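Every chain is numbered from 1, with letters handed out A, B, ... down the list of sequences. Since the model is a prediction, treat every value here as computed from it, not as a measurement.
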There are 2 protein chains.
Amino acid sequence: MGRRPALQRSDFVAAAIEYADEVGLDGITWRTLGTRMGLSHTAIYSHFRDKDELLAAMINTVLANIPDLVGDVSGMTPRDALAHVARCARAALAQHPRIVPALPVANSFGESTALVHRASALLVAAGVPEHDLPSAYQALEAYIVGTTVHDFAGAPNHLERRRLRYRLVGTEPFDVVSRTTAEIARHNELVFERGLQVILGGFLPLSPPAT
Amino acid sequence: MGRRPALQRSDFVAAAIEYADEVGLDGITWRTLGTRMGLSHTAIYSHFRDKDELLAAMINTVLANIPDLVGDVSGMTPRDALAHVARCARAALAQHPRIVPALPVANSFGESTALVHRASALLVAAGVPEHDLPSAYQALEAYIVGTTVHDFAGAPNHLERRRLRYRLVGTEPFDVVSRTTAEIARHNELVFERGLQVILGGFLPLSPPAT
DNA sequence: ACCTGAACACCGTTCAAGT
DNA sequence: ACCTGAACACCGTTCAAGT
């Protein structure tokens, strides 16, 4: 029986993400993470300088899923493609809701600029003038990240907590959407989609440029 | 010299907020907070069950500033009043940027429903139909909280971090807005204001109801 | 009721040592 | 290069005791 091959950085990141999905970011312990991987609690220092470096790697790994989810958008209109990218970004974050709160703090929407370039190209194709690109891009990113954080950051009790909050409002329309957590979840996605179309409509010109 | 009067919960909350403004939420220590107030590090347990309870009180205190900033809106159109409330909410959060990251996690936009009722009344006055109130309210709240968290959560280095990120994009329009942190800050507020008008325009009917 | 001080269990990090 | 185990400083929380 040969010695087990040395573990990779990615092994630690994957284990840490799975671990955080269970107990939340604040629940992660160097010692438990080591034990889970069959190592001592100091083994991790061979791969990461400190906890912050591991956390950054976790965030980047979650964000790296977005391009995979997006896939090929060449058949779509620029506006549809942008909406699709937005939904995929939200979906990628929603897969690991307990890591979501760290995203705005890290303020690194991916360690590469690939996503920015991709979105920029779509915005240009949709007719956004060059000088307006940073505003349009930031509005879109802030909307996606912001609303997703707003919806999921309280995981795993986010749905029940918002349900109770809306219940306390005490008026009939809020009662309707706060009967069950399933209804809250449905409402969240509905509002996200509506707001997304509103944002796209507000920052994209009415008619795309002639090709 | 009589004994110093017993401290209130609000004294601890105020000291904790000031403390968090300096070192961030993760930097807060039970012991240092006690020392700062001239008490032992366990005195706080006479007023708060645990750290989470103090944090919740801190958030509620920050949010309680919003109504004070809003003031009287009776002279404004409903839409202008909503925009004003949105700006005040952002301003109240921006006053304590290092507490902002905890806001979506707590998922409690104030412990009272007063703000929801106030916003609801304005939305109704602006012509939003009753059944649409939860969607319109949530879109607005998610936009305000979400974008503000997105902009400020990385404090105190949030401006420089975003500046470097935009700089890495490498295209001319992003270069323009990332020359200085002051320019980034200006850009943040500009995009917030534009997006706010877009959201209001998208969720409010075109013409307000006749009075 | 409010506060103190000792004590406890736990945690991130360092470091010398092993292979 | 990768990992171990002891050690260190620190932290949140508990609790018996003081006023």
Side-chain angles (χ1 to χ4, degrees), chain A residues 1-61 98-99 101-102 105-106 108 154 157, chain B residues 1-61 98-99 101-102 105-106 108 154 157:
Chain A
M1 305 202 286
R3 215 172 54 232
R4 185 181 57 186
L7 293 170
Q8 310 274 329
R9 262 177 80 99
S10 56
D11 296 320
F12 287 85
V13 174
I17 290 175
E18 193 179 342
Y19 183 19
D21 285 342
E22 296 174 23
V23 302
L25 278 177
D26 290 343
I28 283 191
T29 274
W30 235 220
R31 282 165 164 81
T32 313
L33 180 57
T35 304
R36 274 169 156 255
M37 305 184 68
L39 299 172
S40 86
H41 68 280
T42 51
I44 311 173
Y45 285 97
S46 301
H47 299 265
F48 301 89
R49 186 152 31 85
D50 54 22
K51 239 188 162 188
D52 277 346
E53 193 176 298
L54 174 63
L55 178 62
M58 292 166 65
I59 293 174
N60 283 327
T61 300
R98 303 190 73 159
I99 297 177
V105 179
S108 85
N157 304 319
Chain B
M1 304 201 290
R3 216 171 56 231
R4 185 181 58 186
L7 293 169
Q8 311 273 329
R9 262 178 79 100
S10 55
D11 297 320
F12 287 85
V13 174
I17 290 175
E18 193 179 342
Y19 183 18
D21 284 342
E22 296 175 21
V23 301
L25 279 177
D26 290 342
I28 282 192
T29 275
W30 234 219
R31 283 166 165 80
T32 313
L33 180 57
T35 304
R36 274 168 155 256
M37 306 184 67
L39 300 173
S40 85
H41 68 280
T42 52
I44 311 173
Y45 285 98
S46 301
H47 299 266
F48 301 89
R49 188 151 31 83
D50 54 21
K51 238 188 162 187
D52 277 346
E53 194 176 298
L54 174 63
L55 177 62
M58 292 165 66
I59 293 173
N60 283 327
T61 299
R98 304 190 74 160
I99 297 177
V105 179
S108 84
N157 304 318

ask   = Taking atom C1' of D:dC3 as reference, at what distance in whole Å does atom CG of A:Leu33 sit?
value = 15 Å
query = Would you say the side chain of B:Met58 lies within less than 4.5 Å of the side chain of B:Leu25, judging by non-hydrogen atoms?
reply = yes
Proximal nucleotide (of D:dG12, C:dC3, C:dT4) relative to the B:Ser40 side chain = C:dT4
task = Could you please name the option among C:dA6, C:dC3, D:dC3 that lies closest to any side-chain atom of B:Thr42?
result = C:dA6
note = Between CZ of A:Arg31 and P of C:dA9 the distance, given in whole Å, is 14 Å
task = For A:Gln8 and D:dC2, give me the distance from atom CD to atom P, rounded to whole Å.
result = 8 Å
inquiry  = Here's a test of your reading of the structure: between B:Asp52 and A:Ser46, which maps to the more 5' nucleotide of DNA chain D?
reply    = A:Ser46
remark   = From CG of A:Leu54 across to P of C:dG12 the rounded distance in Å is 11 Å
key: Nucleotide C:dG12, atom C1' - distance to CD1 of A:Ile44 in whole Å   = 10 Å
request  = Take the protein atom NE2 of A:His41 and the nucleotide atom P of C:dC11, then report the distance between them rounded to whole Å.
outcome  = 10 Å
query = Looking only at heavy atoms, what is the nearest atom pair of A:Met37 and A:Leu7, with distance?
reply = CE-CD1, 4.1 Å
request  = Would you indicate which nucleotide in D:dT4, C:dC2, C:dT13 comes nearest to any side-chain atom of B:Ala6?
outcome  = C:dC2
ask   = Do any side-chain nitrogens or oxygens of A:His47 fall under 4.0 Å of OP1 or OP2 in D:dA1?
value = no
message = Just the rounded figure in Å: distance from P of D:dC3 to CZ of A:Arg9.
response = 13 Å
task = Measure up the A:Phe12 and A:His47 rings against each other and bin them: parallel (under 30°), tilted (30 to 60°), perpendicular (over 60°).
result = tilted
note = Separation of D:dC11 atom P from B:Lys51 atom NZ, nearest Å, is 9 Å
key: Candidates C:dT14, D:dT4, D:dA7 - which lies nearest the side chain of A:Tyr45   = C:dT14
Watson-Crick/G-U partner (both atom distances under 3.5 Å) of D:dC15 = C:dG5
note = Checking N1-N3 plus N6-O4 or O6-N4 for Watson-Crick, or N1-O2 and O6-N3 for wobble, each under 3.5 Å, the partner of C:dC10 is none
